[in-house]
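Positions are given from 1, in the same order as the sequence printed here.
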Amino acid sequence: MFFEVIQSIAPLIIFFTSFQILYLKLPLSQLVRLYIGLAFTAFGMILFLHGVNNGFLPAGTKIGEFFGDSKKSFLIPLGFVLGLLAAFAEPSVRVLCYQVEESSSGYIRSNLMLYMLSFAVAMLSAISMVKIVYKIPFIYIIVPGYLFVLILLWLCDKDFVGIAFDAGGAVTGPMAVSFLMSMAVGVATSYEGTDPVADGFGLIAMIALAPIIFVMLLGVYIRFNGGRESVQ
């Protein structure tokens, strides 16, 4: 794991060092802070990957196997609750919400974005459990979802289009990928008649779709019902 992190950080070190030699010419004090930041980044990535491999992934898989094997009726509400909590705790989601509020000068409140994105992820997490329980092919969900997005592109306020697609990337951070995906694979592994590869994956794509739809729906509401004042 240590060498994997070094391999991922090394290109950044080479990049900054090359710019420092050729162009930037930063003072020594700022250069020291830069390399200290890279060192902390590498150390944090090592701790994070260790926690994921030894904590999140096994826990998510065991939870999925338990509910998939004996508590099937709880899978859909469980997916909703865990999706809500994962998105609410996602650091990248909170950063996005703060940036949206700051860039819009308070026009789009960060709390509104946070609650809406959390609810969106919860809804699509529950739908992913429906997909596994009722053996619905993934293509029957994702294709209509993106066709709906194409329709919303023409209807929603243009200010929300970029936010919607960036939100789709923000919600698929370490919390969702490491915990929710492992849970879905665990459910598919233990659920009778399912294929862990065909049915366990696709959750992250559905989660990425969730905020795109919900943010654009908010953009449609803003465009046709009162303008910017309605999100204050």
Side-chain angles (χ1 to χ4, degrees), residues 1-65 82-83 85-100 103 114 117-118 121 124-125 128 138 142 146 162-189 195-212:
M1 187 179 300
F2 174 80
F3 293 104
E4 293 175 358
V5 172
I6 296 301
Q7 288 176 353
S8 64
I9 293 294
L12 284 176
I13 297 175
I14 295 172
F15 176 82
F16 284 124
T17 303
S18 300
F19 262 75
Q20 169 65 14
I21 295 173
L22 298 174
Y23 176 72
L24 292 178
K25 309 297 184 183
L26 296 174
L28 180 61
S29 59
Q30 190 168 352
L31 196 62
V32 169
R33 288 198 297 270
L34 172 63
Y35 285 111
I36 290 176
L38 288 170
F40 276 120
T41 300
F43 183 66
M45 288 180 65
I46 292 171
L47 291 179
F48 171 72
L49 292 176
H50 181 77
V52 166
N53 291 327
N54 294 278
F56 271 19
L57 291 180
T61 302
K62 289 298 182 182
I63 291 173
E65 290 176 352
L82 291 181
L85 296 178
F88 196 77
E90 187 66 63
S92 57
V93 170
R94 292 181 176 269
V95 171
L96 174 75
C97 293
Y98 295 144
Q99 287 293 318
V100 168
S103 299
L114 178 61
L117 295 180
S118 299
V121 172
L124 268 295
S125 297
S128 71
F138 175 65
I142 202 70
Y146 276 103
I163 296 173
F165 281 90
D166 280 350
V171 298
T172 54
M175 294 295 294
V177 173
S178 60
F179 189 71
L180 293 179
M181 184 175 67
S182 62
M183 187 192 74
V185 173
V187 170
T189 300
D195 180 357
V197 175
D199 299 316
F201 291 91
L203 172 64
I204 303 305
M206 294 174 63
I207 289 176
L209 177 63
I212 298 176

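- Atoms OG and CZ, from Ser128 and Phe201 in turn, are 13.0 Å apart once rounded to the nearest 0.5 Å.
- Contact detail for Met206 and Leu124: the closest heavy-atom pair is O-CG, 3.3 Å.
- In terms of heavy atoms, Val171 sits closest to Pro211 at CG2-CG, 3.7 Å.
- Judged as a side-chain contact (heavy atoms from CB on, under 4.5 Å), and not counting sequence neighbours, the contacts of Ala208 are Thr172.
- Residues meeting the side-chain contact (heavy atoms from CB on, under 4.5 Å) test with Leu85, sequence neighbours left out: Val81.
- Sorted by first and then second residue, the side-chain hydrogen bond (donor to acceptor under 3.5 Å, both in side chains) pairs involving residues 10-19 (not counting sequence neighbours) are Thr17-Tyr35.
- Considering CG of Asn54 and CG of Leu49, their distance stands at 10.5 Å, rounded to 0.5 Å.
- Applying the side-chain contact (heavy atoms from CB on, under 4.5 Å) criterion to Tyr98, with sequence neighbours excluded, gives Arg94, Ser110.
- From Leu34, atom CG reaches atom CG of Leu12 across 9.5 Å, with rounding to the nearest 0.5 Å.
- Counted within 6.0 Å of OH on Tyr146, heavy atoms from surrounding residues, nucleotides or ligands total more than 12; the atom is thus considered enclosed.
- Legend: residues meeting side-chain contact (heavy atoms from CB on, under 4.5 Å) with Ser118, ordered by chain and number and at least two apart, are Leu84, Ala87, Phe88, Leu114.
- The closest side-chain heavy-atom distance from Leu117 to Leu96 is below 4.5 Å.
- Annotation: side chain of Met45 is in contact with side chain of Ile9 (closest heavy-atom distance under 4.5 Å).
- Within the model, atoms CD of Gln99 and OG of Ser92 stand 12.5 Å from one another, a figure rounded to the nearest 0.5 Å.
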Quick one, Leu180 with Ser125, criterion side chain to side chain contact (heavy atoms under 4.5 Å, CB included). Give me CA distance, side-chain angles, the key distance, then yes/no. CA-CA 8 Å; Leu180 293 179; Ser125 297; 3.9 Å; yes
Which atom pairs, donor and acceptor, lie under 3.5 Å between side-chain atoms of residues 19-32 and protein residues at least two apart or in another chain?
unit_1, atom_1, unit_2, atom_2, d
Gln20, OE1, Leu26, N, 2.8
Gln20, NE2, Leu26, O, 3.1
Lys25, NZ, Ile21, O, 2.5

Determine, step by step, whether Val121 and Val93 satisfy the side chain to side chain contact (heavy atoms under 4.5 Å, CB included) criterion, reporting the C-alpha distance in whole Å, the side-chain angles of both residues, the deciding distance to 0.1 Å, and the verdict. CA-CA 11 Å; Val121 172; Val93 170; over 6 Å; no
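- Looking at Ser8, its side chain does come within 3.5 Å of a backbone N or O of Val5 through a donor-acceptor pair.
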